[in-house]
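Below, each value reflects all heavy atoms present in this structure, side chains not excepted, and no hydrogens, waters or symmetry copies. We number each residue from 1, following the sequence as shown. For ligands, and for the atoms within them, numbers begin at 1 and follow the listed sequence.
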Amino acid sequence: MLTHLRAFADLYSVPINDRALAQAQVKEMARRMPLVYLITCISAAGLSFTHYDVAPVWLTLALPLILVLACIARLRYWLMDKGRIYTHRAAIARLRASVRLGSVLGFAFVIWCLSLYRYGDAVLHTYIAFFIVVTVVGVVCCLLYLRAAALAVATSVLVPFFGHYLLTQEAVHFAMAVNTIVVVSAVVYVMLTYYNDFSQLISSNVKTAKLSDENLKLANHDSLTGLPNRRVFFDVLKRWVEGEQNHTPVTVGLLDIDGFKPINDVYGHIVGDQLLMEIGRRLCDFTSDRLTVARLGGDEFGFLATPALSDEDAHALGEKIGNAIADPIQLAASCVRVTASIGIISGGGDSAEANQLFEKADHALYFAKQNQRGRIVMFSEEHENAIRQRSFVETELKNADLDKELTLAFQPIYDQETGRISAVEALARWSRDGVQFTPDVFICQAERCGIMGKLTSVLLRKALRAARAWPSDVGLSFNLSAADIGSHQTMAHITDLVLRSRFPAERITFEITETSIVQDFGRAEAALSKLKELGSNIAMDDFGTGFSSLSYLQRLPFDRVKLDRSFVSEIENDDKTRRIVRSIVRLAHELDISVVAEGIETEGQRRLLLDMDCQLLQGFLLSRPITGADLLKHFRGSTLDAALALDAPKSATTINT
Ligand code: C2E
Ligand code: CA
Ligand code: CA
């Protein structure tokens with residue numbers, strides 16, 4: 001019962017909780033209310049006119065004049081308010097006032113009409129009924145959009161009307177009243193269904209608008225950090241740099257979080273996400289009218305400043321951003337500190353292209369990642385030259401006859417204990433039209449243009465063929481790049497080559513750097529287990545230069561570590577390095593992992609390593625990388641003593657490009 005009463009009362013109330021509906025109603029009311037008052041005034045004038053001769057003046061002039069003036073005042077009010085924007089509170093107040101006024105005026109009008117009933121003949125009586133019915137139907141139709149007002153007017157008019165006609169106790173009047181009620185009920189019913197459709201339309205409009213807002217947000221924003229995404233970044237960059245009229249100079253900055261991947265690997269993706277969210281929040285603080293910050297993907301972010309900043313200002317901005325990121329970050333699991341490498345270029349103007357600017361900033365970032373982690377690198381002329389050189393190497397590589405032009409140099413690894421060559425590392429050499437390119441340059445370029453797999457196949461085939469001629473206790477060490485272990489196809493090819501060669505897989509050690517593992521731990525793990533299945537060994541190359549060498553040592557099946565040259569070169573002068581190396585050697589032995597010290601150039605280094613129990617040595621002191629033929633000669637006097645006594649054979653000549 002109570003719920004029915006409440007539902008009934010609701011019919012007469014305005015929608016306080018539905019902002020969109022209230023706004024739509026107030027807008028519709030502003031359009032229709034003048035019409036309501038106009039209908040009422042004209043009908044009232046007609047009724048006054050027809051009763052002027054038979055009824056007293058106060059009923060045909062004074063009272064209707066007051067009512068009509070009230071209507072005109074309201075009509076003016078609505079007309080003046082057309083186009084006004086309402087707050088929700090104002091809209092609700094307005095609607096409520098309309099409901100109240102509607103019932104008061106409706107009641108006043110009907111009482112006036114019924115007061116005229118005492119005067120005039122049957123025709124005039126019928127006219128009164130006609131006036132009331134037609135006016136109320138007209139008004140209800142105009143108030144379709146505000147159910148409460150339509151019902152209030154209908155009720156305030158029809159209840160007295162019905163009561164009056166019943167009281168006359170005339171059959172015709174009773175029939176008229178019933179007829180009126182039926183007609184008005186039908187109109188009200190139509191009004192109610194129309195009103196429902198109207199409110200549903202408004203709510204579905206709201207939902208559609210909300211959805212399209214969300215879609216727009218999804219398309220343009222990164223869902224994790226809430227920052228604009230790569231697409232927006234490029235749109236803004238293109239708009240500024242390549243815009244129709246204005247080729248605005250702009251500063252492009254790209255930043256990459258150092259060591260993010262190991263954190264993601266070690267602590268898991270949830271922690272990684274938290275870290276990115278916090279970094280996104282910190283970067284967001286830099287956003288302004290002149291600075292757009294975006295997440296470009298993974299742990300890479302970008303910023304665009306316009307007008308372009310001077311190099312000093314851009315550097316200062318990079319430093320501020322770097323400092324903000326370097327502040328400790330409290331995550332659920334622990335507190336971490338990360339740095340960002342940043343590459344920046346300021347440029348633009350007449351002929352610049354957005355993509356070129358981006359690539360240059362990317363080059364500066366790459367340079368920072370390789371050489372100055374955690375620092376800001378401004379794109380310079382040197383970088384411009386490097387890009388030119390890179391594209392030269394790329395073109396040459398694509399046109400190269402790899403079978404013919406790729407060769408190998410071999411550098412022995414000596415066993416201190418036996419004094420003999422324990423293994424030989426194969427090092428790639430590429431010579432084209434008399435120009436020799438160093439592996440540091442062409443391997444990285446081959447990786448970039450996606451042809452590393454081809455190079456590895458040629459090199460491995462050549463290495464396996466050469467190694468077949470070596471003494472049976474000498475192993476082959478072969479370098480694999482990140483692109484190799486990241487490619488199923490290359491890994492399958494490597495396995496195939498090893499199986500088809502007549503060289504025992506157990507005598508091969510594949511050397512892998514930590515950076516290759518970092519790029520995709522899952523794939524690296526799969527690649528390594530494939531090599532282990534073959535029966536080969538795996539060495540972690542350049543051990544100690546990365547972030548998580550130890551963590552990878554624990555998680556992946558390494559047989560050997562190759563202590564990076566940077567440790568060996570410091571070992572004579574720095575006590576701390578000595579202690580680190582001693583600990584690494586001890587730890588590796590504990591784990592049953594052999595240690596090769598690379599880059600030994602002095603006798604002092606050799607002796608120190610010997611003291612530390614480091615058994616396997618490699619370096620210019622013992623032998624530079626040499627040709628296959630020289631190596632075979634070398635095997636004849638391959639003891640360590642011989643290597644030290646003789647002048648180390650000359651390396652295959654290389655030109656640093
Ligand atoms: P890496 O694997 O660490 O190889 C050792 C590098 O150090 C070689 O340079 C070698 O010539 C040099 N080296 C050896 N002993 C000494 C020393 O006593 N002092 C100094 N200063 N340097 C020494 P290289 O041949 O120029 O190779 C550079 C890098 O290129 C290699 O570093 C390796 O990462 C990559 N690389 C070489 N060959 C291949 C290959 O066939 N495949 C792949 N994926 N990478 C290769
Ligand atoms: Ca190596
Ligand atoms: Ca190395």
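Closest N/O/S atom of Asp541 to the Ca ion (ligand 3): OD1. Looking only at its N/O/S atoms, Glu598 has OE2 as the one nearest to the Ca ion (ligand 3). Within Glu511, the N/O/S atom positioned nearest the Ca ion (ligand 2) carries the name OE1. Nearest N/O/S atom of Asp542 relative to the Ca ion (ligand 3): this is OD1. Counting just the N/O/S atoms of Glu425, the one with the shortest distance to the Ca ion (ligand 2) is named OE2.
Near Asp542, the atoms of ligand 1 lying under 4.0 angstrom from a non-hydrogen atom of the residue are 3 (O). Taking every non-hydrogen atom of Leu459 and a distance limit under 4.0 Å, the qualifying atoms of ligand 1 come out as 41 (O). Close approach of ligand 1 to Leu480 (heavy-atom distance below 4.0 Å) involves ligand atoms 44 (N). The distance from ligand 1 to the heavy atoms of Ala428 drops below 4.0 Å at these ligand atoms: 37 (C), 38 (N), 39 (C), 40 (C), 41 (O). Every atom of ligand 1 with a heavy atom of Glu425 under 4.0 Å away is listed here by number and element: 2 (O), 4 (O). Atoms of ligand 1 lying under 4.0 Å from at least one heavy atom of Ser481, given by number and element, are 44 (N). Using a 4.0 Å cut-off to heavy atoms of Gly619, the atoms of ligand 1 that qualify are 15 (N), 18 (O).
With hydrogens and angles left out, the side-chain atoms of Asp256 and Ser341 include no donor and acceptor closer than 3.5 Å. A side-chain N or O of Thr456 and one of Asp484 form a donor-acceptor pair less than 3.5 Å apart. Between Ser594 and Arg560, the side chains place a donor N or O and an acceptor N or O closer than 3.5 Å (distance only, hydrogens not considered). One side chain, His383 or Ser380, offers a donor N or O that lies under 3.5 Å from an acceptor on the other. Asp258 and Thr339 share a donor-acceptor pair across their side chains, judged by distance under 3.5 Å alone. Checked by atom type, the side-chain pair Thr225/Asp222 shows a donor-acceptor distance below 3.5 Å. If you check the side chains of Thr438 and Asp440, you find no donor sitting under 3.5 Å from an acceptor.
Between Gln618 and ligand 1, a contact under 3.5 Å exists for no N or O pair. Close N/O approach between Leu621 and ligand 1 is not found [any backbone or side-chain N/O within under 3.5 Å].
Proximity of Ile443 to ligand 1 is established by a heavy-atom distance of less than 4.0 Å. Under the 4.0 angstrom criterion for non-hydrogen atoms, Lys562 is not in contact with ligand 1. At least one heavy atom of Arg565 lies less than 4.0 angstrom from ligand 1. Residue Arg624 places no heavy atom under 4.0 Å from ligand 1.
A salt bridge links Arg282 with Glu278: the distance from a Lys NZ or Arg NE/NH1/NH2 to an Asp or Glu carboxylate oxygen falls below 4.0 Å. One finds no salt bridge joining Arg390 and Glu394 here, because no Lys/Arg side-chain nitrogen approaches an Asp/Glu carboxylate oxygen to under 4.0 Å. Between Asp575 and Arg579, at least one side-chain N (NZ, or NE/NH1/NH2) sits under 4.0 Å from a carboxylate O, which counts as a salt bridge. Using a 4.0 Å cut-off between charged nitrogen and carboxylate oxygen, Asp613 and Arg582 do not count as a salt-bridge pair. In summary, Lys530 and Glu533 do not engage in a salt bridge, as defined by a charged side-chain N under 4.0 Å from a carboxylate O.
One of the N, O or S atoms belonging to Asn479 lies under 3.0 Å away from the Ca ion (ligand 2).
Counting only heavy atoms, the protein never gets under 4.0 Å from atom 32 (O) of ligand 1. Shown here, atom 7 (O) of ligand 1 is in close reach of the protein: a heavy atom of it lies under 4.0 Å off.
Looking only at side-chain heavy atoms (C-beta outward), Ile421 and Phe410 stay at 4.5 Å or farther from each other. The shortest side-chain heavy-atom distance between Leu497 and Ser457 falls under the 4.5 Å cut-off.
Here the protein heavy atom with the shortest distance to atom 21 (N) of ligand 1 is Glu601 OE2, 3.1 Å. Here the protein heavy atom with the shortest distance to atom 42 (N) of ligand 1 is Asn479 O, 3.3 Å. Ranking the protein heavy atoms by distance from atom 11 (O) of ligand 1 puts Pro625 CG, 3.3 Å first. Protein heavy atom closest to atom 5 (C) of ligand 1, with residue, atom name and distance, is Glu598 OE1, 4.0 Å.
Looking at Gln605 against ligand 1, nothing comes within 4.0 Å, counting heavy atoms.
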